[in-house]
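Okay, so here's the structure we're looking at.
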Amino acid sequence: WTDSANMCLNATVQVAFSSGVTDSSAESGVFMYECTSLTTPVKDCTSIAISPTLANNTLLKIVDGSFGATASVLKPNKAYRVVLTTDIMSVPQVASGGGKTQIPLVSTVTKAQKDGVLDGFVGDPAYYFEFTTGEDYCSLVSAYIDPSENTVTVLGPLMSQYSKENPFYY
């Protein structure tokens with residue numbers, strides 16, 4: 001959706017992490033609000049009860065949209081804000097010295113944002129995103145595959161169809 005505007009009412013709302021996060025921290029470290037506009041502070045928005053689910057430690061599904069649905073968490077012509085907190089932790093990683101450690105989601109939220117659209121949020125926000133909905137449900141018109149050329153099931157060289165002498169490694 002261009003500029004996160006006019007999203008379908010049956011859209012799936014999800015977050016992809018660049019590395020693995022723990023289920024419990026991801027599921028408890030995300031909040032969603034319905035707001036009058038994208039400039040409305042959190043304190044004046046309505047909190048939405050969500051049950052996020054994490055797949056493969058990297059893809060957090062917040063709202064599960066479905067095609068052909070007649071009911072949705074999302075309402076027509078509304079603004080939504082999703083907030084991720086620093087409570088979201090990486091899966092345990094080996095640190096220097098051989099011990100294991102977990103790293104929290106790094107905050108990119110500025111003081112101006114905390115005092116503005118995030119005013120009233122209880123917790124330590126690390127990241128947030130916003131979108132608005134349109135008026136209609138959508139039907140499936142396209143799909144994408146990632147990785148785009150092949151499905152990776154084993155580690156080792158995976159040859160590119162465009163450059164056979166330079167394989168990709170997974």
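Please read all numbers here as calculations on a predicted model, not as lab measurements.
Checked by atom type and distance alone, the side chain of Asn57 pairs as donor or acceptor with a backbone atom of Val21 at under 3.5 Å. Put simply, the side chain of Arg81 gets close to the backbone of Leu38: a donor and an acceptor are under 3.5 Å apart. With hydrogens and angles disregarded, no donor-acceptor distance shorter than 3.5 Å links the side chain of Glu27 to the backbone of Thr53. Judged by distance alone, the side chain of Thr39 and the main-chain N or O of Val117 form no donor-acceptor pair under 3.5 Å.
With sequence neighbours excluded, the residues satisfying ring pair (Phe, Tyr, Trp, His ring centres under 6.0 Å) with Tyr80 are Phe131. Taking Lys100 as the reference, nothing meets the salt bridge (charged side-chain N to carboxylate O under 4.0 Å, His left out) condition, with sequence neighbours excluded.
In this structure, Leu60 CG and Phe17 CZ are separated by 5.0 Å, a value rounded to the nearest 0.5 Å. Between Cys8 atom SG and Glu135 atom CD the span is 12.0 Å, to the nearest 0.5 Å. Here the straight-line distance linking atom CG of Leu9 with atom OG1 of Thr133 works out to 5.5 Å at 0.5 Å rounding. Atom OG of residue Ser51 and atom CG of residue Asp64 lie 11.0 Å apart, to the nearest 0.5 angstrom. Note that the OG1 atom of Thr132 and the CG atom of Asn77 stand 8.5 Å from one another [nearest 0.5 Å]. Atoms CD1 and NZ, from Ile50 and Lys61 in turn, are 14.0 Å apart once rounded to the nearest 0.5 Å.
In the hydrophobic clustering of ILVMFWY residues, with side-chain heavy atoms under 4.5 Å counting as a link, Val83 and Met32 come out apart. Cluster membership for Ile48 and Tyr33, using ILVMFWY side-chain heavy atoms within less than 4.5 angstrom, is not shared. Neither Leu118 nor Leu105 shares a network with the other; the hydrophobic side chains, linked directly or stepwise wherever heavy atoms of I, L, V, M, F, W or Y lie under 4.5 Å apart, form separate groups for each. Under the 4.5 Å side-chain heavy-atom criterion for Ile, Leu, Val, Met, Phe, Trp and Tyr, Tyr128 and Val30 are members of distinct hydrophobic clusters.
Of all heavy-atom pairs spanning Thr40 and Cys35, the tightest one is CB-CB, 4.0 Å. Nearest approach of Ser107 to Pro125, heavy atoms of both residues: OG-O, 3.1 Å. Residue Ser37 comes nearest to Ala79 through the heavy atom pair C-CB, 3.5 Å, listed as atom of the first residue, atom of the second, then distance. Annotation for Ser90 and Thr22: closest pair O-CG2, 3.6 Å, computed over non-hydrogen atoms. Across all non-hydrogen atoms, the minimal contact from Asp87 to Ser25 is O-CB, 3.2 Å.
No more than 12 heavy atoms of other residues, nucleotides or ligands shown are found within 6.0 angstrom of OH on Tyr127. In this structure, Asp115 places its CG atom where more than 12 heavy-atom neighbours from other residues, nucleotides or ligands lie under 6.0 Å away.
In this structure, Leu59 and Gln14 have side chains that are in contact, with non-hydrogen atoms separated by less than 4.5 Å. Residues Val63 and Thr12 form no side-chain contact, since every pair of their non-hydrogen atoms from C-beta on lies 4.5 Å or further apart.
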Yes or no on side chain to side chain contact (heavy atoms under 4.5 Å, CB included) for Val42 and Asp119, after CA distance, side-chain angles and deciding distance? CA-CA 6 Å; Val42 164; Asp119 184 26; over 6 Å; no
Side chain to side chain contact (heavy atoms under 4.5 Å, CB included) for Lys114 and Asp124? Distances and angles first, verdict last. CA-CA 9 Å; Lys114 286 182 183 179; Asp124 190 10; 3.8 Å; yes
Please lay out, stage by stage, how Ile103 and Gln93 fare under the test side chain to side chain contact (heavy atoms under 4.5 Å, CB included). CA-CA 8 Å; Ile103 301 167; Gln93 301 175 13; 3.6 Å; yes
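Within the structure, the ring pair (Phe, Tyr, Trp, His ring centres under 6.0 Å) test picks out the following pairs touching residues 83-125 (sequence neighbours left out): Phe31-Phe121.
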